[in-house]
Amino acid sequence: MITTRFAPSPTGYLHIGGLRTALFSWLWARKNGGKFLLRIEDTDMARNSEEATKAIIEAFDWVGMEYDGEVFYQSKRFDIYKEYIDRLLSEGKAYKCYMSKEELDALREEQMARKERPRYDGRYRDFTGTPPAGIEPVIRIKAPIGGMITFVDGIKGEINIASSEVDDFIIARSDGTPTYNFVVAIDDALMGVTEVMRGDDHLYNTPKQIVVYNALGFELPRFSHLAMINNEQGKKLSKRDGATDVMEYKTAGFLPEALLNFLLRLGWSHGDQEIFSIDEMKSLFEPSHISKSSSCYDLNKLLWLNSHYIKETPNEKLVEMLKDFGVDLSKDSRSNNILHATKERGKTLVELASQINLIIQQPTEYNEKDMKKAIKEDTVDILKDFSKLLAESRATLLTPLDYHHALESFVSQKEIGFGRIGQPLRVALLGSMSGAGLDEIMNILGVDESVARIDKLISII
RNA sequence: GACCCUUUCAUCUAGUGGCCAAGGAUGUUGCGUUUUCAACGCAGACACAGAGGUUCAAAUCCUCUAAGGGUCGCCA
């Protein structure tokens, strides 16, 4: 049985990189019919926030990644950790360290000066004397002194780190609360996690956690470290790069499928395939095709995917989603026609909404350049004649094709080029010279509204 | 500074010694289609970081160099 987990710390919103890690873990569990757990790493009481936890769960809901069972909170599991700390203490595998923070800092500086990798020197490892007064000790675990700590990373292959690089790290703070590297190992082992997938930035935590696994006699899971996602300049993604919060994508009008598909292809591949439905992801995902190198965030590709998924989405669903973007077509009998005319011209729901608004709302302003280009001396006359024609043939104008014919016969009767009517008409209907097909637009608007818009333009020429 | 990781078009990537004078996708350029814009279709430009090996044969294996990234907390 495969069990994976996503274990964020609740210090802020869910980051796009975190979502990718979660996605990979989720897919791997689903592909194998295993379990995907969500565990909140909130051992540092000073830093947690409940809102952050909520935000993370909200983001999971939005993208549709469901976790198995209840959410685990490490802050509710302190009793368990305490037991293991006591056990290690009594077995002599951990010890109390009375070094003060000042002493620690001094040691680090010294080591840096000597160009060494700073680490605890083990001075209380075998201490038997009387402890200094007035100091609440921390508890440190005994890491191996010589040799190598080796593990096979699921993505990078064999990793060797000298034991001398791993110091006797703290497993419990002086206030008694346990620390990250200790509780992660315990929880992953206790929860039966078989595949630990996490960011590259955790690579150096792995040997530490292996120390814990070994001290407690737990079986090791497979560790897989995902390379980071960089910004478009190739630097680490930061808040300055704009949308790093998953929920910002919702507000920006992205579809969850598009975001997941984008993230999936960022660092993972299945031959030449670019488009993956959620079901395909679940059946095709395979960690051996995760790439070792870090990748850059590419907004263009996300936009392309998003427009693809907008086109794929059934109208009824789009109508629902558009409500969040200020457009309610649910009671509009023209909704299918409107979406047909606009669906292909929005890369995001925000853009789609504004395209729709262009049609359903009378123009309040007209693009100046287009006005100049479209309006000639005889434009008013042409528009007047055309609006007359519309009014007269009202009874026969029932489909876009009817409007199309009306336009055609108007042009041939008047012996003018199509642009003479087409361009100003477009400005009249939409306020600018780009947008959906004229016949489609007029069909949606109907004769009265079309005429009204033409009259409105005439009045300001 | 020490330790670890990475390196194919601008970007995401295919590629596991001969199928590669390197394939797909995004973006970009041109053309077509269209009443405009978009969408769509077709075509073009663009890459194996560098240097040495190993081999009949290297993008693929080895060594070094360079460039990026990560980690060095009583944070996670």
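Letters A, B, ... are given to chains in the order of the sequence lines, protein chains preceding strands, and every chain is numbered from 1. Just so you know, these numbers use all the heavy atoms, side chains as well, and skip hydrogens, waters and symmetry mates.
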Assigned partner base of C64(B), Watson-Crick or wobble definition, under 3.5 Å: G50(B)
Which nucleotide, in any strand shown, forms a Watson-Crick or G-U wobble pair with G1(B), with both distances under 3.5 Å? C72(B)
Check: [X] ring centroid to [Y] ring centroid under 6.0 Å:
| X | Y | answer |
| --- | --- | --- |
| Phe6(A) | Phe60(A) | yes |
| Phe262(A) | Trp304(A) | no |
| Phe410(A) | Phe386(A) | yes |
| Tyr81(A) | Phe182(A) | no |

Give the C-alpha distance, both sets of side-chain angles, the deciding distance and a yes or no for side chain to side chain contact (heavy atoms under 4.5 Å, CB included) between Leu19(A) and Leu259(A). CA-CA 10 Å; Leu19(A) 181 62; Leu259(A) 186 59; 3.8 Å; yes
In whole angstroms, how far is the [atom2] atom of [N] from the [atom1] atom of [X]?
| X | N | atom1 | atom2 | value |
| --- | --- | --- | --- | --- |
| Lys292(A) | U13(B) | NZ | P | 14 Å |
| Asp298(A) | G24(B) | CG | C1' | 15 Å |
| Leu226(A) | U6(B) | CG | P | 14 Å |

Determine, for Tyr95(A) and Arg125(A), whether the Lys NZ or Arg CZ falls below 6.0 Å from the six-membered ring centre while staying within 45 degrees of the axis. no
Looking only at side-chain N and O atoms, does Ser293(A) come under 4.0 Å of OP1 or OP2 in C5(B)? no
Quick one: label Glu165(A) by what it contacts on the DNA or RNA (base, sugar-phosphate, nothing), any heavy atom closer than 4.0 Å. sugar-phosphate
The contact string for nucleotides 59-74 of chain B, one letter per nucleotide 5' to 3', using protein heavy atoms under 4.0 Å with B, S and - for base, sugar-phosphate only and none, comes out as ---------SSBBBBB
With rounding to whole Å, what would you report as the distance between C61(B) and C74(B) at their C1' atoms? 47 Å
